[in-house]
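One structure below.
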Amino acid sequence: MPKVPGMVKGLGVTFRTMVETLKPSGGPATVQYPHEKEEPSPRARGVIALHEENCTACMLCSRECPDWCIYIEAHKTLAPPRRAGGKPRQVNQLDRFAIDYSLCMYCGICVEVCPFEALFWSPEYEFSEVSIADLLHEKERLGEWMETVPDFEPYEAGSEAKGKKVPR
Amino acid sequence: MSELIFAIELAYWQQTLIKVLVAAVLIPTTALILGIVFLFKMMSWMQSRMGPQEAGPRGLLQLAADGLKFLQKEDIIPDRADRFVFKAAPVVVLASTFLTYVILPAGPDLIIENLPTGIFFAMAVSSLSVVGVLMAGWSSSNKYALMGGLRAGGQLIAYELPLILAVMGVVIQAGSLSMQDIVWAQADGSMFGFGGLGLPFVITQIVAFFIFMVAIQAELTQPPFDMPVAESEVVGGFHVEYTGFRFLFFFLGEFATAFAFAAIAATLFLGGWWVPGIDPNSALANIVGPIALFVKIMVVAFLIFWFRFTYPRFREDQLQRFAWKYLIPLALANITITGILVVVL
């Protein structure tokens, strides 16, 4: 025999939820997505953005990626010396940086491992494509997402570490 | 009575044609209404959602769109299925639903056929759906369909009994099996000498009403008694192999039956088409009657679907134990007490 008081209480819960949903002050817990959008939480992992100037083509992200979805091509080139009369510096010039979002599983290891702060999480999430091949995004598109990267939250009061800044 | 609808004399074949057309339009409409109002909208609200919004104004045409989608789908019959039985099963289920509508009174003259044994007829034809369900389960040549069909068979037979026994209490009190006479008995009744509100049998037969509501929940294979169609256990049960319009038949049958059972409950316990204050003999009752009945049906249907959306599924043995060990003795006691009181008072 089912427990009667609990069953009555259950009816009360569903009825209250219905009234709450219909009240103008209440409303449903869901959002009518294409018509109205929910604000993603401040550090949501939407998409990975690339700050191209900071990338040295060190390949760490590409090698750490569990899905092997990052493609990097670069060539060596000579940059003008830092001080007058110095030797020209040898630097890596980035030719191609692409992330295949049909493979990416949004683990964020590339963002963690990047030693030069070139990769950032952006809360942007609307980048679906009709064809799966179109999900391979080149560095131009990845750079556009840099504008949507939010500033880092300040550390707790009393923290000795210096707060990080997003390069703009 | 029904020869004279709004004082127009009609030949028998004309009457029959009108009745068939009304029923053929009415039954899918009732299923649509219940589906949209309760399955789509009320269920969503109870789960803090809005429900369908896009098809039609506020998503009200969603179910019509779904129905059209089912009609477009391919009609697949499994290779090893018993083709004739497989095709016949949805028709049998739907036929039992259609037959139930025959005895539903919507006004003093608005009834398809006022059978002297109305409620007995309704109980008899509604149990026909067991045959259709077993046919569907057996002919699909699918183990899930077979399991679902057998579960449905066991469940429908177990709950047919408390259903009929609950109805018996009302029948004893009204002194008739005819649906119209049961409505009249409630209209003519009085509470402690005060006759203005009549005597809806829900007051005297509250135990029977409770048993009836529980039993129709099981008859409709709705949660918490939805083991025959439990999608997490038998992936849809007896209709797992059905696609397209054959599945639509089952769907239509389920909701039209829910409407029919709600109408029977409204008639037996809430006074049917009768409204206090309106003379049941006047022509006005023929116009107000259907509206009153509809409102009462919606109240009962709200209860049915409220239980459906609140409770989780029972276990198969709990279901059988609940029917045989609690509901049936309760219903028998109710009949005994009603019988004694009717004789004594």
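Every chain is numbered from 1 and lettered A, B, ... according to where its sequence line falls, protein lines coming before strand lines. Note that the structure is a prediction, hence the values are computed from the model and not measured.
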Determine the option with the most heavy-atom pairs under 4.5 angstrom with chain A, choosing from B/Q318, B/E54, B/K325.
B/E54

Output the option from B/S44, B/S48, B/P224 having the highest count of non-hydrogen pairs under 4.5 Å with chain A.
B/S48

Please report the interatomic distance [atom1]([X]) to [atom2]([Y]), rounded to the nearest 0.5 Å.
{"X": "B/M42", "Y": "A/L22", "atom1": "CE", "atom2": "CG", "result": "11.0 Å"}
{"X": "B/Q53", "Y": "A/Q32", "atom1": "CD", "atom2": "CD", "result": "4.5 Å"}
{"X": "B/Y311", "Y": "A/T14", "atom1": "OH", "atom2": "OG1", "result": "7.5 Å"}

For [X], I'd like to know if atom [atom1] has over 12 heavy atoms of other residues, nucleotides or ligands within 6.0 Å.
{"X": "B/F250", "atom1": "CZ", "value": "yes"}
{"X": "B/R58", "atom1": "CZ", "value": "no"}
{"X": "A/E156", "atom1": "CD", "value": "no"}
{"X": "A/M18", "atom1": "CE", "value": "yes"}
{"X": "A/E126", "atom1": "CD", "value": "yes"}

Should the pair B/F302 and A/F15 be assigned to parallel (<30°), tilted (30 to 60°) or perpendicular (>60°) ring geometry?
perpendicular

What salt bridge (Lys or Arg N to Asp or Glu O under 4.0 Å) pairs are there with at least one residue in residues 200-209 of chain B, not counting sequence neighbours?
none

Pick one of side chain, backbone, both or neither for B/F309, based on which atoms fall under 4.5 Å of a heavy atom in chain A.
backbone

Sorted by chain and number, sequence neighbours left out, salt bridge (Lys or Arg N to Asp or Glu O under 4.0 Å) with B/K73 holds for none

Contact winner vs chain B - A/P28, A/G10, A/G27, heavy-atom pairs under 4.5 Å
A/P28

Is there a donor-acceptor pair under 3.5 Å between the side chain of B/W306 and the backbone N or O of A/L11?
yes

Keeping A/T30 on the side-chain end and B/R49 on the backbone end, is there a donor-acceptor pair under 3.5 Å?
no

